[in-house]
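Worksheet: the structure to be examined is printed underneath.
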Amino acid sequence: MEGQIELLDYLESLGEKDFDILDYIPTGQDNAVTRSELCRRTGLSDRVIRDAIHKARRNKSILNMQDGKGYFIPDMNTEGDRLALKRHVQQEESRLKNIGWALREERRTLKKFGIDWREDIEQQKQGSERRT
């Protein structure tokens, strides 16, 4: 309708500072919401929602138990959600350890070829361009 602002336009007008994904993620495992539902509710793309969740996790526990039910903030007043948080930490610690082993080998390979993985990619490109 003419004169009415669309939800997406409104959310974009708020800017990233005013949009808080936590306003859309419920508390309690029983209230979990899928990412597709978050996209529907906010009018934002899946990529934007994933980024918002990623950033919000720096300051708030947001769980996804990989069971298809979606995201939720654990209700620490319930035994089930406390156990879910514990399981999630154990799952992520295991994932972190597995990633660490893979990175160890990747770093070893780079070192073998004289490449410093800590160096900025753009600096490496410029250095190799100068050599050719």
Side-chain angles (χ1 to χ4, degrees):
M1 293 183 127
E2 192 174 314
Q4 288 189 336
I5 190 166
E6 295 290 329
L7 177 60
L8 183 54
D9 294 332
Y10 171 70
L11 290 172
E12 287 175 357
S13 74
L14 290 176
E16 195 173 308
K17 291 179 184 175
D18 296 321
F19 172 74
D20 190 351
I21 191 66
L22 294 174
D23 293 338
Y24 298 90
I25 298 178
T27 299
Q29 189 169 8
D30 293 339
N31 302 314
V33 62
T34 64
R35 209 167 54 233
S36 62
E37 178 62 17
L38 290 170
C39 291
R40 189 191 69 70
R41 289 180 185 179
T42 63
L44 300 172
S45 72
D46 185 69
R47 175 82 252 161
V48 171
I49 295 297
R50 283 190 291 160
D51 287 345
I53 291 169
H54 176 75
K55 289 175 185 171
R57 281 180 160 160
R58 295 174 187 166
N59 300 310
K60 190 76 166 178
S61 294
I62 301 172
L63 306 186
N64 182 336
M65 301 308 293
Q66 308 299 315
D67 58 4
K69 295 180 182 175
Y71 296 90
F72 67 96
I73 297 166
D75 179 351
M76 298 309 287
N77 294 312
T78 66
E79 180 71 19
D81 279 13
R82 287 193 300 268
L83 289 174
L85 179 57
K86 182 179 177 180
R87 278 193 308 273
H88 193 265
V89 168
Q90 290 170 339
Q91 167 192 299
E92 295 302 302
E93 286 285 342
S94 177
R95 184 176 290 167
L96 183 62
K97 195 180 298 181
N98 288 331
I99 291 169
W101 284 111
L103 281 173
R104 181 178 176 207
E105 178 54 32
E106 291 170 5
R107 287 185 195 122
R108 191 178 309 157
T109 301
L110 287 170
K111 185 176 180 180
K112 190 179 351 180
F113 288 91
I115 301 169
D116 185 350
W117 63 270
R118 294 163 293 210
E119 190 176 89
D120 183 32
I121 297 293
E122 291 305 314
Q123 289 174 340
Q124 288 178 351
K125 283 181 186 176
Q126 291 169 2
S128 71
E129 288 171 1
R130 280 187 230 127
R131 287 186 289 250
T132 57

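Residues take their numbers from the sequence shown, with the count starting at 1.
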What pairs with Lys60 under side-chain contact (heavy atoms from CB on, under 4.5 Å), at least two apart in sequence or on another chain?
Leu22, Ile73
Verify the cluster assignment for Phe72 and Leu38: are they in a single hydrophobic cluster under the rule of side-chain heavy atoms below 4.5 Å apart?
no
Asp81 side chain reached by Leu63 side chain, heavy atoms, under 4.5 Å
no
I need the Lys69 NZ to Asn64 CG distance, nearest 0.5 Å.
11.5 Å
Looking at CD1 of Ile62 and CD1 of Ile53, how far apart are the two atoms once the value is rounded to the nearest 0.5 Å?
6.5 Å
Check this for me: Arg104, atom CZ, are more than 12 non-hydrogen atoms of other residues, nucleotides or ligands nearer than 6.0 Å?
no
Do Thr42 and Phe19 come close enough that some side-chain heavy atom pair is under 4.5 Å?
yes
Could you list the donor-acceptor pairs under 3.5 angstrom formed between side-chain atoms of residues 26-35 and any protein atom two or more places apart in sequence or on another chain?
from  : atom 1 : to    : atom 2 : distance (Å)
Asn31 : ND2    : Thr27 : O      : 2.8
Thr34 : OG1    : Ser36 : OG     : 3.2
Thr34 : OG1    : Glu37 : N      : 3.1
Arg35 : NE     : Asp46 : OD1    : 2.6
Arg35 : NH1    : Tyr71 : OH     : 3.1

Measuring from atom NE2 of His88 to atom CD of Gln66, what distance do you get when rounded to the nearest 0.5 angstrom?
6.5 Å
Is there a chain of hydrophobic side chains (I, L, V, M, F, W, Y, each step under 4.5 Å between heavy atoms) that links Leu83 to Leu85?
no
Does one hydrophobic cluster hold both Met65 and Ile21, with members joined at side-chain heavy-atom distances below 4.5 Å?
no
Answer with yes or no whether the hydrophobic clustering places Met76 together with Val89; edges join I, L, V, M, F, W, Y residues whose side-chain heavy atoms lie under 4.5 Å apart.
yes
Can you tell me how far the CG atom of Leu44 sits from the CG atom of Asp51, to the nearest 0.5 Å?
11.0 Å
Looking only at heavy atoms, which two atoms of Cys39 and Ser45 are closest? And how far apart?
SG-C, 3.7 Å
